[in-house]
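Report on one structure; see the data block that follows.
Start at 1 and go down the list; that is how both ligands and their atoms are numbered. The analysis underlying the following values was restricted to heavy atoms, covering all of them including side chains, and did not include hydrogens, waters or symmetry mates.
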Amino acid sequence: MCVDLHTHSIYSDGTSTPEELVLQAALLKLRGLAITDHDTMEGYREALDAGNRAGICIVSGLEISCLHGPLSLHMLGFGVDPENAVLNCKLQQLQDGRRTRNRQILAKLADLGIQISDDELQENSKCGQTGRPHIARLLVEKRIVSGMDQAFRRYLGKGKPAYVERFCFKAAEAIDFIHGAGGAAVLAHPGILSQDMRLQTRLVHELVERKLDGLEVFHPAHSKKVQKKLHGLTQRYNLITTGGSDYHGGNHGDKGLAGDKRNICPPDAILEELLERIEAIRVNGSNGSNGSKKK
Ligand code: AMP
Ligand code: FE
Ligand code: FE
Ligand code: ZN
């Protein structure tokens, strides 16, 4: 059986509701599912209720963009308590940062002769964690670009004319507040950072010193070779393995949830391992491994 521990809902830049994701997961007979929206856990309660009805184990999750030196990383948090006050304060800071940046991006687009109002953006993203993907969607709707990818390549991507940095925490800070909220911190899709896995080897070493718990080994962007290298790193540092589709819905050209014929199938054994690690973090306060070797 497969699990999918990396998905996005309408509460960030996905197009499915949490319930729709759970129903899809049920059709694919997945054993476990985590919704890992960017900077928010708003979808968790809905997913949990739907998961209980469908008999699917729902793990609370989120995905936080953060910095480590010059690198921009994504950190997954699993098993975090959605009511944790410090976590919510951090998420509020990220949301404020997004709002400020969205205004700056719209101003830059206006300078380029492209008019998108604040209201239009809010209307387009509805309950979403509004960000560049929603602006990209509007650029597509207005026929200014032919697709999301072109929107990022021409305007919104790093170094492009409407690019603006947004407030981000350091990776070590994100690991700490994920632990503080009782969760496990896992580096998302390490394979897409660079083709040169030497960079990842060094990065993982540094993040393990900051108490990283795991690596997302199974991801549609990871070749078998990359998966093997990442697996080697999990063994070396006693890290847990996670995996998921990173499904955002129809507008990203994604292949669907894990377990779909054309897609990856992270084995359900990783769910057990993840739940054990989360439990250990709850008991030990932070990194549940404490450097001990795997059984
Ligand atoms: P933001 O969080 O607002 O900085 O937007 C980052 C999100 O934009 C990523 O998590 C992706 O989901 C999405 N994204 C980044 N590059 C592209 C691209 N080339 N095409 C479509 N979506 C993208
Ligand atoms: Fe995304
Ligand atoms: Fe990501
Ligand atoms: Zn993601």
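No side-chain donor-acceptor contact under 3.5 Å links Glu19 to the backbone of Glu46. Within the 3.5 Å criterion, the main-chain N or O of Thr40 finds no donor-acceptor partner in the side chain of Gln129. Judged by distance alone, the side chain of His6 and the main-chain N or O of Thr36 form no donor-acceptor pair under 3.5 Å.
Heavy-atom distances between Arg166 and ligand 1 reach below 4.0 Å in at least one pair. Ligand 1 is never approached by Ser65 to a heavy-atom distance shorter than 4.0 Å. Residue contacts with ligand 1 include Arg98, since one of its heavy atoms falls under 4.0 Å from the ligand. Contact annotation: Arg101 has at least one heavy atom less than 4.0 Å from an atom of ligand 1.
Shown in contact with Asp13 at under 4.0 Å from a heavy atom are these atoms of ligand 1, numbered in order with element: 7 (C), 10 (O), 11 (C), 12 (O). Counting atoms of ligand 1 from 1 in the listed order, those under 4.0 Å from a heavy atom of Gly131 are 3 (O). For ligand 1, the atoms sitting less than 4.0 Å from at least one non-hydrogen atom of His248 are 12 (O), numbered in the order shown with element in parentheses.
Looking at Asp246 and the Zn ion (ligand 4) together, the shortest N, O or S contact belongs to OD1. Nearest N, O or S atom of His6 to the Zn ion (ligand 4): atom NE2. The Zn ion (ligand 4) is closest to atom OE1 of Glu63 (considering only N, O or S atoms).
In this view, Cys66 satisfies the disulfide (SG to SG under 2.5 Å) rule with no residue, not counting sequence neighbours.
If you look at the Fe ion (ligand 3), the protein N, O or S atoms less than 2.8 Å from it are Glu63 OE2, His74 ND1, His189 NE2.
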Verify salt bridge (charged side-chain N to carboxylate O under 4.0 Å, His left out) between Glu206 and Arg202, making sure each step is shown before the conclusion. CA-CA 6 Å; Glu206 288 172 7; Arg202 190 189 159 140; 3.1 Å; yes
Residues Gln92, Asn88; criterion side-chain hydrogen bond (donor to acceptor under 3.5 Å, both in side chains); working and verdict: CA-CA 6 Å; Gln92 190 59 51; Asn88 281 310; over 6 Å; no
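A salt bridge links Asp96 and Arg99; the closest N-O separation between the charged side-chain nitrogens and carboxylate oxygens is under 4.0 Å. Between Glu141 and Arg137 there is no salt bridge, since none of the side-chain N atoms of the basic residue sits less than 4.0 Å from a carboxylate O of the acidic one.
Between the side chains of His74 and Glu63, at least one donor N or O sits under 3.5 Å from an acceptor N or O. Side-chain contact of His8 with Asp246: a donor-acceptor pair under 3.5 Å is present, judged by distance alone.
Where the criterion is an N or O separation shorter than 3.5 Å, residue side chain and backbone included, His38 meets it with respect to ligand 1.
No close placement of the His189 and His222 rings is indicated, their centers lying 6.0 Å or farther apart.
In the hydrophobic clustering of this structure, Val226 groups with Tyr237; members are Ile, Leu, Val, Met, Phe, Trp, Tyr whose side-chain heavy atoms approach within less than 4.5 Å, directly or through other members.
Among Gly157, Ala188, Ser72, Pro133, the residue whose heavy atom sits closest to atom 7 (C) of ligand 1 is Pro133.
In summary, His8 places an N/O/S atom under 2.8 Å from the Zn ion (ligand 4), meeting the contact criterion.
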